[in-house]
Protein chains: 2
Amino acid sequence: MLGSRKTNEMPASPARPAGTRKSASWTQDPDGVRRNILAVARDEFVENGLSGARVDEIAAKTSTSKRMIYYYFGDKEGLYRAVLEEAYARIRNFERSLDLAGLPPREAIVSLTGFTFDYHADNPDFVRLVMVENIHHARHLQSSPKIADLNLSVIDMIGEVYERGLREGVFREGLDPIDIHLTISALSFYNVSNRASIQQVFGHDMGAPEARERRRLSAIETVLRMLCR
Amino acid sequence: MLGSRKTNEMPASPARPAGTRKSASWTQDPDGVRRNILAVARDEFVENGLSGARVDEIAAKTSTSKRMIYYYFGDKEGLYRAVLEEAYARIRNFERSLDLAGLPPREAIVSLTGFTFDYHADNPDFVRLVMVENIHHARHLQSSPKIADLNLSVIDMIGEVYERGLREGVFREGLDPIDIHLTISALSFYNVSNRASIQQVFGHDMGAPEARERRRLSAIETVLRMLCR
DNA sequence: GACCAATTGAACTGTTTCGTACATTTAACA
DNA sequence: TGTTAAATGTACGAAACAGTTCAATTGGTC
């Protein structure tokens with residue numbers, strides 16, 4: 001089975017022909033180099049964790065050199081922090097793209113749960129990065145600015161939908177938006193984060209398309225039942 | 001705040017007075033030494049992951065020496081595997097202690113969910129170890145014998161209770177015992193595994209007693225609603 | 001108290017790994 | 001075309017680290 005682990009190649013600059021790494025002539029493309037390093041680094045951190053990842057290995061897989069990693073990111077932790085920030089920026093973007101205000105409460109919850117589930121299933125790298133970060137007690141999230149403010153928007157979104165559902169009489173009272181979010185997240189996260197151990201212990205592959213689809217429907221149903229009267 | 005990270009000291013042998021590590025005289029207590037090493041190693045692996053943990057550091061924190069680690073466990077991976085096996089053996093024991101057959105279906109599910117939730121909350125080390133193992137694609141669970149058979153019992157237990165609930169008309173049809181288990185696990189695991197990142201992003205501490213209790217009730221309620229007509 | 005096997009200590013080895021020094025090349029622009 | 005600052009390559013240093021060597025000590029047993 002080939003290509004199960006496809007490395008994010010992404011040439012640093014279009015002017016540097018693929019296969020001719022480190023050729024004599026190149027176009028200045030600091031942003032491309034940065035992105036290239038970040039993509040490779042994410043793969044490595046996701047695969048081996050923070051301590052497990054090797055700077056030399058990352059360097060070897062980029063179109064540039066180890067020198068550039070330190071040039072742009074300072075040190076290994078700086079690189080890791082950049083990877084982490086990018087990952088969180090992405091999911092924020094995703095969440096912003098949701099427009100629940102236009103949907104009836106029930107449909108809004110179905111949509112939110114489905115999208116959240118899919119985002120996790122489609123982006124195991126994000127899930128694994130969050131796992132790695134939690135092993136490190138989220139120390140790097142802490143030292144990183146601009147992460148705190150963003151994700152509160154999800155809670156606000158849920159709060160708005162929940163209020164609406166309450167007024168329309170479809171949702172039951174006494175629920176906490178954070179609790180709702182945690183439930184949706186837990187049901188979306190766990191299948192991906194614990195896929196390997198579940199596979200080993202139960203011989204059940206959560207990644208298989210049918211299993212995933214069944215689990216998706218189950219998650220949506222569960223969240224609905226949690227909310228509705 | 002002292003003692004938030006209490007190292008499992010556990011002297012290797014009673015005859016070796018605490019504080020007098022490596023004294024001239026000792027009692028033969030291979031099992032005690034083994035347990036001491038395992039306890040310290042678990043702390044280190046749980047705290048730093050497999051790659052992050054340092055054999056020298058583990059050795060320094062035991063009442064014995066690095067030599068003994070290699071003497072008993074072969075190498076770092078062997079030690080890690082032993083820690084992992086012990087952790088799974090423990091939760092198996094816990095699960096065996098449950099007697100759901102004597103309870104009416106609803107109460108059985110309430111009990112199972114509550115106990116599972118509590119076990120995870122009370123044993124963050126187990127949760128973190130499973131996270132570490134999943135980062136490594138559960139490679140060590142695979143190479144370890146005797147892990148597969150044990151946990152199927154939970155599924156059987158759930159299956160039995162579910163069947164009973166169906167016959168008595170309290171549960172709805174069409175559910176899969178594995179799916180039920182995954183839901184209970186997800187709701188129990190996530191709060192612990194992602195506690196640090198949730199704390200950072202939402203400023204909400206899942207570990208605080210009130211938050212934990214609220215979440216516990218929510219999990220039970222959610223599982224009940226998932227199952228009942 | 002003598003013997004043997006289990007158990008232990010300390011120093012050491014070879015490798016891995018992060019990070020840097022230093023020289024050099026190149027793009028951009030006057 | 002000459003100047004300058006940004007960008008890059010190579011080779012190296014120093015520390016960290018897993019695992020080993022070799023000798024020695026000790027407990028149990030007869």
Side-chain angles (χ1 to χ4, degrees), chain A residues 11-17 20-38 40-41 44-45 47-83 132 136 140, chain B residues 11-17 20-38 40-41 44-45 47-83 132 136 140:
Chain A
S13 111
R16 189 178 302 156
T20 315
R21 298 176 13 157
K22 292 142 191 175
S23 75
S25 186
W26 41 272
T27 321
Q28 270 194 351
D29 183 12
D31 218 60
V33 171
R34 256 187 78 97
R35 276 200 309 275
N36 173 242
I37 294 175
L38 275 180
V40 174
E44 288 294 307
F45 285 130
E47 199 55 25
N48 306 35
L50 173 51
S51 341
R54 300 295 162 223
V55 176
D56 286 300
E57 186 68 16
I58 294 172
K61 289 182 178 168
T62 62
S63 349
T64 176
S65 71
K66 181 160 70 152
R67 183 69 186 72
M68 281 296 92
I69 293 176
Y70 288 95
Y71 186 71
Y72 283 125
F73 301 99
D75 60 5
K76 191 183 177 182
E77 290 230 338
L79 178 57
Y80 172 77
R81 219 177 307 122
V83 167
V132 168
H136 293 274
H140 311 86
Chain B
S13 111
R16 189 178 302 157
T20 315
R21 299 179 7 159
K22 292 144 194 172
S23 75
S25 186
W26 40 270
T27 320
Q28 271 191 350
D29 182 12
D31 219 58
V33 172
R34 256 189 77 97
R35 277 201 308 276
N36 172 241
I37 294 175
L38 275 179
V40 174
E44 289 294 307
F45 285 130
E47 199 55 25
N48 308 86
L50 173 51
S51 341
R54 302 294 162 224
V55 176
D56 286 301
E57 187 69 16
I58 294 172
K61 290 182 178 167
T62 62
S63 351
T64 176
S65 71
K66 181 158 72 152
R67 183 69 186 74
M68 281 297 92
I69 294 177
Y70 288 96
Y71 185 73
Y72 282 126
F73 301 99
D75 59 5
K76 190 182 177 183
E77 290 230 336
L79 177 57
Y80 172 77
R81 220 176 306 122
V83 167
V132 168
H136 292 276
H140 312 86

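Just so we're on the same page: letters track the sequence lines, and every chain starts at 1. The structure displayed is predicted, hence computed values, not measured ones.
Among dA18(D), dT8(C), dG9(D), the nucleotide with an atom closest to any side-chain atom of Lys76(B) is dA18(D). Listed candidates were dG9(C), dC18(C), dA18(D). Nearest to the side chain of Asp56(A) is dC18(C). For Tyr72(A), taking side-chain heavy atoms from C-beta onward, the closest of the listed nucleotides dG9(C), dA7(D), dT17(C) is dA7(D). Side-chain atoms of Asp75(A) lie closest to dG19(C) of the nucleotides dG19(C), dC17(D), dT8(C).
Two residues, Tyr70(A) and Lys66(B), neighbour DNA chain C, and the one matched to the more 5' nucleotide by heavy-atom proximity is Lys66(B).
Within the structure, a side-chain polar atom (N or O) of Ser65(A) is placed less than 4.0 Å from OP1 or OP2 of dG9(D). The phosphate of dA18(D) (OP1 or OP2) has a side-chain N or O of Arg54(B) nearer than 4.0 angstrom.
We find that CD1 of Ile58(B) is positioned 14 Å from C1' of dG19(D), with the value rounded to whole Å. Straight-line distance from the CE atom of Met68(B) to the C1' atom of dA10(C): 13 Å, rounded to whole Å. Residue Arg67(A) contributes atom CZ, which lies 13 Å from atom C1' of dA11(D) at whole-angstrom precision. One can place OH of Tyr71(B) at 18 Å from P of dC22(D), the figure rounded to the nearest angstrom. Atom CG in Leu79(A) sits roughly 16 Å away from atom P in dT17(C) (whole-Å rounding). One can place CG of Leu50(B) at 12 Å from C1' of dA18(D), the figure rounded to the nearest angstrom. Between Ile37(A) atom CD1 and dA7(D) atom C1' there is a gap of 11 Å when expressed in whole angstrom units. Atoms CG (Asn36(A)) and P (dA7(D)) sit 15 Å apart, rounded to a whole Å.
Between Lys76(B) and Ile69(B) the shortest side-chain heavy-atom distance does not fall below 4.5 Å. Looking at heavy atoms from C-beta onward, Phe73(B) lies in side-chain contact with Arg34(B) at the 4.5 angstrom threshold.
With Arg35(B) as reference, Asp31(B) is the one residue of Asp31(B), Ile37(B), Val33(B) to meet the side-chain contact (heavy atoms from CB on, under 4.5 Å) rule.
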*Step by step, work out the side chain to side chain contact (heavy atoms under 4.5 Å, CB included) result for Leu50(A) and His136(A).*
CA-CA 9 Å; Leu50(A) 173 51; His136(A) 293 274; 3.6 Å; yes
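Nearest heavy atoms, Ala82(B) versus Leu38(B): CB-CD2, 3.7 Å.
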